[in-house]
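Since the structure comes first, as structure tokens, the remarks are kept for the end.
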Amino acid sequence: MRKRIAFLAGAISFDNQNRVLGGVLKRASELDMDVYVFTCFVNYDESEENKVGAFRIMDLPEFDLFDGVICMKNSIQYEPAVNSLIARIKKSKVPAVSVDEKVDGMYNVGISDYSSQKDIVEHLIETHDLKKINYVCGILQGKEGRERYNAYRDAMEEHGIPVCDNQIYHGNYNRESGRKAVEQFMKYNMPQAIVCANDAMAIGAMERLQQNGYRIPEDVIVTGFDNDELSEFFVPSLTTVDRRQELLGKNAVNLLFERSDDVNVQIDTKTIYRESCGCNMQPAMEIKDLRMEYQNKCLIYEEALDSLKCMELDLTGLENIDELCEKIKKYVVGSDMQSFYMCLCDKNELFADKSVCDHFTEKVSIPLAYQNGKFCSYDDFLSKEILPLEIREKSKRTFYTVTPIYYQHICYGYCVSDGSLFALKSELSYLWTVNIGMALENIRKWQWINRMNEKINRMWKYDMLTQVLNRSGFFYCAETILQKIKEEKSNAFIIFLDIDGLKSVNDNLGHEIGDAFIAKIAGILKEVVPKDCLIMRYGGDEFVVFGSCKQAGRMQRIAEDIKAAIKTADQKENRSYHLAASLGCSLHKSYEMDNLNSLIELADKKMYEEKKNKRR
């Protein structure tokens, strides 16, 4: 079997992660290896419940089943998940590479964020003769954010330029951070330059500056970091650092399998000077090329968005998993996935009454699989294997994208797509599993509501002690039988049963024993009385049996069967009291069925006649 690599990262649609992954996939392809990409898409400011649900995907892989592991620790912005992940990787003893941040016991491939960021700040000071330079930092808990921020502070200090607190904005790598940073800086004197810890924040900053009438770079210089795709096309194009992420990915694979003595590989970066600092060294793209690039991306984005909107509507109001599978099929066929597998946790835990599933169950099943142009399903297999062995053995070399199916902190399972570039490139791809997760949550709630309704129905229809019909339930259900009797002009019978000796049992042995006596008689009735008849607990120690018949013989046989069953049960079990009951039977024509209560009273009188005869 081919070797398998586990690649773990946060939102791989981000350029940083995506380019590293691109290098991993290219090198793995050259070495004829499969890559399993475990990822999710969660914003840094998501709720705690969503982070728990999304980053649980990092708990899924059993690393002993892989030949190597590549982890982008900095991209997993949830400390409990990343701490658990690193501990499990180390425990597995499988060769592992950490991209960017160094981790004890793992190979490392990375760049010098510090020197790259420092070069940009020194370029602004030395080449552009700037002194008032503000900084938008990323998340300082990670290596990237921390080193880039320290590089800015050190470059300013070494050139004797003081930095005030209001010159720093603490962001979280998204565009909104850049916009808010500009709003904060505008409250004071606008700086000569804004250095941002990544391109997304830099582009957000340029957007807000332009909205407020500032020219870039004439009024304010802006720089970024990472060389994201948009940095080249934005107007003005962004000065940034090319981290050469694809080379990072290739070297990560090489470290896993070439067993070099050098456990740390450092890749040189390249600073790209563009229009946003006035030092544009990049050849201009042809307008036609830019238009074609923009047109293609817009078309792909719009088609994907329209499909996802339709998918969200289609998956609304479903009542079971079979319906969900049917609805998803057309979206699978319309995607670029070569294969698709919806892997769901054990149904017994998934739709349990008392709790929700908060983990990947030991076994999962695939109610919907798409392969070789056909749909099928797979029964239970171990979740740690990700896919059944028969799939992995038959498939050609590929890469799988594994994403969580969840709703807040509830775990429903995971999706596996085979060879999908959409899953790798577009942040919209995460809406696939979001839609499925929301549909499953609605199904879970629907089933829970149905179960609650059933319980409520039983509460008003059934006696809690005996689980036979109570008066309300009896008269409600009797309407159907009465209607049929009248239509067929048949007969109806009523058997009235009163337990013998219950008061003595309650007085001498206690009501708990008395309740057991009542329940035992009810149990005998449920065993003996035909299913087309109704059984009601009429009072404390009284029961009614109601049904239809053509002749009195059926009523008599049922009454005799009840008496015989009570006698047999009394003889079989050794107890301090006797099981016994008195019965009264009455037969009625269809035209006599206007008042069921009066007919029950007639049977009750006949029962008392039998009870009196026993006392003589």
Side-chain angles (χ1 to χ4, degrees), residues 458-479 481-482 492-549 552 554-570 573 575-588 592-616:
R458 289 199 67 84
M459 287 175 68
W460 78 263
K461 282 184 180 180
Y462 288 88
D463 175 64
M464 291 296 101
L465 174 63
T466 62
Q467 294 303 304
V468 299
L469 292 169
N470 58 26
R471 290 196 182 202
S472 298
F474 174 79
F475 285 103
Y476 176 81
C477 296
E479 286 297 323
I481 297 177
L482 285 170
F493 69 86
I494 293 175
I495 301 173
F496 197 101
L497 180 150
D498 183 90
I499 297 174
D500 293 339
L502 179 63
K503 184 177 185 304
S504 176
V505 171
N506 283 332
D507 292 344
N508 298 315
L509 301 176
H511 285 275
E512 187 175 338
I513 301 298
D515 286 347
F517 191 176
I518 296 170
K520 182 64 180 178
I521 296 295
I524 291 170
L525 290 174
K526 286 187 283 186
E527 288 177 10
V528 173
V529 173
K531 301 301 180 184
D532 64 332
C533 300
L534 301 181
I535 306 170
M536 167 180 58
R537 186 181 179 192
Y538 188 68
D541 58 355
E542 299 168 329
F543 293 87
V544 168
V545 177
F546 172 62
S548 65
C549 64
R554 187 186 192 216
M555 174 185 70
Q556 291 165 354
R557 284 193 300 274
I558 294 172
E560 289 169 3
D561 289 344
I562 293 171
K563 290 178 180 180
I566 292 173
K567 185 177 181 180
T568 300
D570 184 52
E573 299 178 22
R575 55 173 61 84
S576 56
Y577 58 92
H578 288 289
L579 292 178
S582 300
L583 276 67
C585 304
S586 61
L587 185 69
H588 308 276
E592 299 175 330
M593 304 304 298
D594 292 334
N595 190 334
L596 196 55
N597 270 313
S598 64
L599 303 183
I600 292 172
E601 289 175 4
L602 287 174
D604 184 15
K605 289 178 181 179
K606 292 187 178 183
M607 179 275 299
Y608 269 108
E609 290 175 9
E610 180 176 310
K611 195 175 281 286
K612 286 179 182 178
N613 290 333
K614 286 182 180 180
R615 292 171 183 166
R616 288 174 183 171

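Computed over heavy atoms, backbone and side chain alike; hydrogens, waters and symmetry mates excluded.
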Kindly write out the residues that satisfy side-chain contact (heavy atoms from CB on, under 4.5 Å) with [X], not counting sequence neighbours, or none if the list is empty.
X	value
Asp561	Val528
Glu601	none
Lys606	Ser586
Ser472	Trp460, Asn470

Return each pair, listed once, that meets side chain to side chain donor-acceptor pair (under 3.5 Å) where at least one residue sits in residues 519-533; pairs must be two or more places apart or across chains.
-> Lys520-Glu573, Asp532-Arg554
Quick one: which residue pairs count as a salt bridge (Lys or Arg N to Asp or Glu O under 4.0 Å) with a foot in residues 493-505, not counting sequence neighbours?
-> Asp498-Lys611, Asp500-Lys611, Asp500-Lys614, Lys503-Asp507
Name all pairs fulfilling the salt bridge (Lys or Arg N to Asp or Glu O under 4.0 Å) condition that reach into residues 461-471, sequence neighbours left out, sorted by first residue then second.
-> Asp463-Arg537
What residues form a ring pair (Phe, Tyr, Trp, His ring centres under 6.0 Å) with [X], not counting sequence neighbours?
X	result
Phe493	none
Tyr462	none
Tyr577	Phe517
Phe543	none

Listed by chain and number, what are the side chain to side chain donor-acceptor pair (under 3.5 Å) partners of Asp515, not counting sequence neighbours?
-> none
From Ile495 CD1 over to Leu587 CG, what is the distance, rounded to the nearest 0.5 angstrom?
-> 10.5 Å
From SG (Cys585) to CD1 (Ile494), nearest 0.5 Å = 10.5 Å
Show the numbers, then the answer: is there a side-chain contact (heavy atoms from CB on, under 4.5 Å) between Ile524 and Thr568?
-> CA-CA 10 Å; Ile524 291 170; Thr568 300; over 6 Å; no
